[in-house]
Structures are given as structure tokens and as C-alpha cells.
Amino acid sequence: MTWLDEDLSAFRELARSFCEKELAPHQERWAQEKQVDRELWNKAGDVGLLCLSIPEEHGGGGGTFAHEAVLLQEQARVGDDAWGVAVHNGIVAHYINSYGTPEQKQRWLPKMASGELVSAIAMTEPGTGSDLQGIKTKAIRTGDSYVINGAKTFITNGAQAGLIIVAAKTNPEEKAAGVSLVVVETEGTEGFRRGRVLDKIGMKGQDTAELFFDNVTVPAENLLGGVEGQGFVQLMQQLPQERLVIAVSAVAAMDLAVQLTIQYTKERTAFGRPLFGFQNTKFTLADAATEVAVSKAFLDQCITRHLKGELDVTGAAMVKMWTTERLGKVADSCLQLFGGYGFMTEYPIAKAWTSARVQRIFGGTTEIMKEIIARTL
Ligand SMILES: Cc1cc2nc3c(=O)[nH]c(=O)nc-3n(C[C@H](O)[C@H](O)[C@H](O)COP(=O)(O)OP(=O)(O)OC[C@H]3O[C@@H](n4cnc5c(N)ncnc54)[C@H](O)[C@@H]3O)c2cc1C
């Protein structure tokens, strides 16, 4: 892979041992509790796994997107779908780093890097997801403050977040031009309420919550970047990285599904021979392994482009759509080869299959990816 080097191999060792020790053993409990242990964030901060690609001057690791990708690969390798680090590291930290004023960066990034602050980004509302221009949450400037009213749903890290970037209308008369991003620090903030942690068909250990803002007042300095009406542009600029993050996890999850299935079909027997001995099994796995190889090649190309600052919105939509759709197909055909065991939640392939389903929905649905791609045709 063109984007990997020796420094990243050493970093992979660190990420691997952390994921094996701190993520793998807790999967069942986290699924029951619908969230990871809060201390996980502090532990990750202590070993330097948070804000990997944020400059050191702001407490980050001073790395690149390649470091983020390696951590996500290692997370997927141990079958973890609970820890919302992709949102914290790969998304929220970059909004603050890219658009924050020097004061905002200094105020929030070091705490995010240490794990003192867990972060979330709240765009989706009960009434609108794909059509972000239609959000109803308002943040109205009143003197030196913004007063926020509205509701958000499906927010990753919602239950644990101490810092939430809220997409809101600072000018409700406008569509995209009225959107701004306002940062809410949740501790002791009156009018802010978390709803239930939602029950999901997959990614059960990941905290996905509803959030309510009822006359929440934040200082005017919490407007990200300090200029109103920039939110939609900021969202559009960051979405390629957000979509690439999803693609990295999707390819790693696909790879894991194939490896698990090869192992299982070589061990399990039927009609006096290993399942792997049937032509159907071999052909299914040959197809799946090829899907992984092709997806990896495209992903590597997109990561390389992103590292050079050349990944455009269309390329990101293509890689998100391609890898998540392939993941769905591969996870499904792999699960079939497990027979009834594939339907049992204790089998990792069952978890891979349920987790795969949402990848085609969040971060922009497959249909929205097609709309974006089609605009350039
Ligand atoms: C587990 C999970 C975690 C999430 N985390 C976050 C988070 O951290 N922050 C956040 O803000 N959001 C988050 N989301 C929300 C997610 O991004 C939205 O669910 C997604 O963007 C789709 O929006 P929607 O659910 O409102 O569906 P809708 O927009 O109502 O779409 C419903 C269907 O209509 C289709 N559709 C809509 N518009 C078009 C169109 N123009 N052309 C063709 N088809 C169309 C869609 O593709 C979809 O199939 C999360 C969701 C889940 C499930």
C-alpha cells in the first residue's frame, strides 16, 4: 500500500495492542450497556490514540489521516463496533482544527486529546437527515450569547459527549446560508438534556442518542469559526473525510468477515468433508476475497489522494458507496456459509452482518452518494 510506511507499522503495533487489550474483551458487556466505558477515552488519551492527526501544539498526535486509518483498521480487526472514536478523532477534532479560532482550538482540542472531553456532532433531527438544509434547530444571537432550541437524534457518542458541535440555523429564514455550527459544552449546561440511548439492530455497544436543547445558552465565542452562516460550507468540506473514515472501517470489516468465514468453513464439516471442500463455498469465498481486494485498491487510492489534499466530494462519495455496498454483500454471503450459527448473536459473523447494514445509511445514504456522483456526470 502506497500510504503505509515504517512509522505507521510501529504505530500499528500500539493501536493493535490497545484494541486487543481494551476493546476486544468488553464487546458483550458494552452491547448490553449500549455504550463503552467512559474511562476508555481516558485510557486512549493516555497512550496517545486520540486526536492522532491534530497538531502537537494543540495536544494532538501530530500525525496524518494515515494514523487515523490504521487505528480504524485495528479497531475493525478485533471486531469492535462500539467505540465512537471515528467521530471523535476523524470528524469532530477536524472541524475544530480546520475552522476553530486560535482560542477555540486551545480551549477544546487538548481536552479532546486527553479524553477529558468526548465529542459528538449533531446534524440529524427527527424530521430531517439527508436534507440538512431543512434542519429546524435554531441558535439565535441574543446579546453576547446564542440561545439554542431544537432536538437531534441518532447522535453517535451522544450519551457520553461533553462537547457537541450542533448544526443549527442562526438565520431560520435562509436554507443552507442560514446554517452555523455552534459548540455546546454539556457540563452544567441548563436546558440541555440527553434522551434515551437508542436500541439498534447492530452496533449495539455504540452510544447513539437523542439530544434536546431547550433555551440552551452558550457564549457567542462558541460559534465555530466566529462567522455566522458558514455551517453548511463547513459540513460540505469535511464530509469527504467523514466518508473516507466510513470506507476505511467498511473495508476492514469486509476483510474480517472473509477471514472468519475461511476459518469456519475449513473447520466445520458436512457430508463427510469440510464446508470449504464444496465448490459453492470456494466460489463464494473467491468472489468475496476479490471484492475485498478491489475495494482495498480503490480505498488505498482514495487515502493517498486524501493525504495529498486531492480527494474531492465525488471521489469520497464513490468510495463510501462502493465499500459499504460491497461490505453488505460480502457480510451476507459469508453469513450464509455459517448456516444457523450465522444467525446466533454470539458468532462474530452475525455482528459483522448487523453492523454492516448501517454503513449504507449514515454519513450520507447510498442514494445521496449516487446523487452527488451523478451531478458530475
Ligand atoms: C447508528 C447511527 C449513527 C448515526 N450517527 C450520527 C451522528 O453522529 N450525527 C448525525 O448528525 N447523524 C447521525 N446519524 C444519522 C444519519 O446520518 C442519518 O440517518 C442519515 O443521513 C439518513 O437520514 P434519515 O435517517 O433522516 O433518512 P432520510 O433522509 O429520511 O432518508 C430516508 C430514505 O430516503 C432516501 N432519500 C432521501 N433523500 C433522497 C433523495 N434526494 N434521492 C433519493 N433518495 C433519497 C434515503 O436515501 C433513504 O433511503 C446516525 C445514524 C445511525 C443509524
Side-chain angles (χ1 to χ4, degrees), residues 18-19 21-52 54 59-60 68 71-72 75 78 80-96 107-125 148 151-167 181-200 202-214 216 218 222 242 245-246 249 355 358 362-363:
F18 184 85
C19 293
K21 187 162 153 257
E22 302 293 348
L23 306 184
H26 308 297
Q27 295 300 303
E28 245 180 83
R29 184 169 55 80
W30 288 346
Q32 279 158 14
E33 294 172 2
K34 295 196 271 185
Q35 53 195 287
V36 301
D37 299 327
R38 174 61 183 84
E39 308 81 71
L40 174 66
W41 296 95
N42 305 82
K43 286 182 186 169
D46 288 347
V47 296
L49 288 177
L50 297 182
C51 296
L52 292 166
I54 297 299
E68 306 290 359
L71 176 59
L72 294 173
Q75 180 185 16
V78 299
D80 175 67
D81 58 6
W83 189 27
V85 71
V87 169
H88 181 90
N89 269 11
I91 301 173
V92 180
H94 284 273
Y95 274 90
I96 296 175
R107 195 161 133 215
W108 295 317
L109 288 172
K111 288 184 184 171
M112 286 177 63
S114 69
E116 188 181 334
L117 275 179
V118 174
S119 65
I121 179 154
M123 300 174 274
T124 308
E125 301 185 351
I148 307 171
K152 298 286 178 180
T153 194
F154 304 152
I155 307 308
T156 303
N157 299 337
Q160 296 189 346
L163 180 149
I164 304 172
I165 298 182
V166 180
L181 302 180
V182 182
V183 177
V184 174
E185 288 154 290
T186 63
E187 201 181 321
T189 298
E190 274 186 42
F192 169 72
R193 190 166 60 82
R194 301 174 210 262
R196 48 199 184 105
V197 180
L198 299 164
D199 278 315
K200 308 191 288 299
M203 297 186 111
K204 286 176 182 282
Q206 190 163 109
D207 134 28
T208 309
E210 296 171 311
L211 306 174
F212 301 96
F213 303 85
D214 186 9
V216 168
V218 299
N222 284 26
E242 180 171 349
V245 159
I246 295 172
S249 299
S355 293
V358 77
F362 61 23

By side chain to side chain contact (heavy atoms under 4.5 Å, CB included), Glu210 pairs with (sequence neighbours left out) Thr153, Arg196, Leu198, Phe212
Please test Arg107 against Glu185 for salt bridge (charged side-chain N to carboxylate O under 4.0 Å, His left out), starting from the C-alpha separation and ending with a verdict.
CA-CA 11 Å; Arg107 195 161 133 215; Glu185 288 154 290; 2.9 Å; yes
Say you draw a straight line from CD of Gln75 to CZ of Phe18; how long is it, rounded to the nearest 0.5 Å?
10.0 Å
For Ile155 and Ala120, work out which heavy atoms get closest and say how close.
CG2-CB, 3.9 Å
Please identify each residue that fulfils side chain to side chain donor-acceptor pair (under 3.5 Å) with Lys204, with sequence neighbours left out.
none
So, using side chain to side chain contact (heavy atoms under 4.5 Å, CB included) as the criterion, who are the partners of Ala86 when residues are at least two apart?
Leu72, Val245
Might you point out which heavy atoms bring Val197 and Gln35 nearest each other, and give the distance in Å?
CG2-NE2, 4.0 Å
Residues passing the side chain to side chain donor-acceptor pair (under 3.5 Å) test with Asp81, sequence neighbours excluded, are Ser355
Distance-only donor-acceptor hits, side chain of residues 39-46, under 3.5 Å, sequence neighbours excluded:
{"from": "Trp41", "atom 1": "NE1", "to": "Gln160", "atom 2": "OE1", "distance (Å)": "3.0"}
{"from": "Asn42", "atom 1": "OD1", "to": "Arg38", "atom 2": "NH1", "distance (Å)": "3.0"}
{"from": "Lys43", "atom 1": "NZ", "to": "Glu22", "atom 2": "OE1", "distance (Å)": "3.2"}

How long is the straight-line distance from CD1 of Ile91 back to CD of Glu68, given to the nearest 0.5 Å?
10.0 Å
Could you tell me the separation between the CZ atom of Phe362 and the CD atom of Glu242, rounded to the nearest 0.5 Å?
9.0 Å
Not counting sequence neighbours, which residues clear side chain to side chain donor-acceptor pair (under 3.5 Å) with Lys34? List them please.
Asp199
Audit row: Ile54, His94, side chain to side chain contact (heavy atoms under 4.5 Å, CB included) steps and yes/no:
CA-CA 7 Å; Ile54 297 299; His94 284 273; 4.1 Å; yes
Heavy-atom nearest pair, Leu109 first then Ile96, reads CG-CG2, 3.8 Å
In terms of heavy-atom contacts, Ser119 and Asn157 come closest through O-ND2, 3.0 Å
What residues form a ring pair (Phe, Tyr, Trp, His ring centres under 6.0 Å) with Phe154, not counting sequence neighbours?
none
Output all residues satisfying side chain to side chain donor-acceptor pair (under 3.5 Å) with Asp37, sequence neighbours left out; order by chain, then residue number.
Arg29, Trp30
Would you call Val184 and Asn222 a side-chain contact if the rule is heavy atoms closer than 4.5 Å?
no
Tell me, with the steps shown, if Asp214 and Arg193 meet side chain to side chain contact (heavy atoms under 4.5 Å, CB included).
CA-CA 8 Å; Asp214 186 9; Arg193 190 166 60 82; over 6 Å; no
Sequence neighbours excluded, the answer for salt bridge (charged side-chain N to carboxylate O under 4.0 Å, His left out) partners of Glu125 is Lys152
Looking at every heavy atom in both Cys51 and His88, which two are closest together, and how far apart are they?
SG-NE2, 4.4 Å
Using the side chain to side chain contact (heavy atoms under 4.5 Å, CB included) rule, take Thr208 and Lys200 through it: C-alpha gap first, then chi angles, then the decisive distance, then the call.
CA-CA 9 Å; Thr208 309; Lys200 308 191 288 299; 3.0 Å; yes
Who passes side chain to side chain contact (heavy atoms under 4.5 Å, CB included) against Ala209, sequence neighbours left out?
Asp207
Taking all heavy atoms of Gly84 and all of Thr156, pick out the closest pair and write down the distance.
CA-CG2, 4.4 Å
When rounded to the nearest 0.5 angstrom, what is the spacing between CG in Asn89 and CG in Leu49?
8.0 Å
Residues two or more places apart in sequence or in another chain: which of them pass side chain to side chain contact (heavy atoms under 4.5 Å, CB included) with Phe192?
Ile164, Thr186, Thr189, Arg194, Leu211, Phe213, Val216
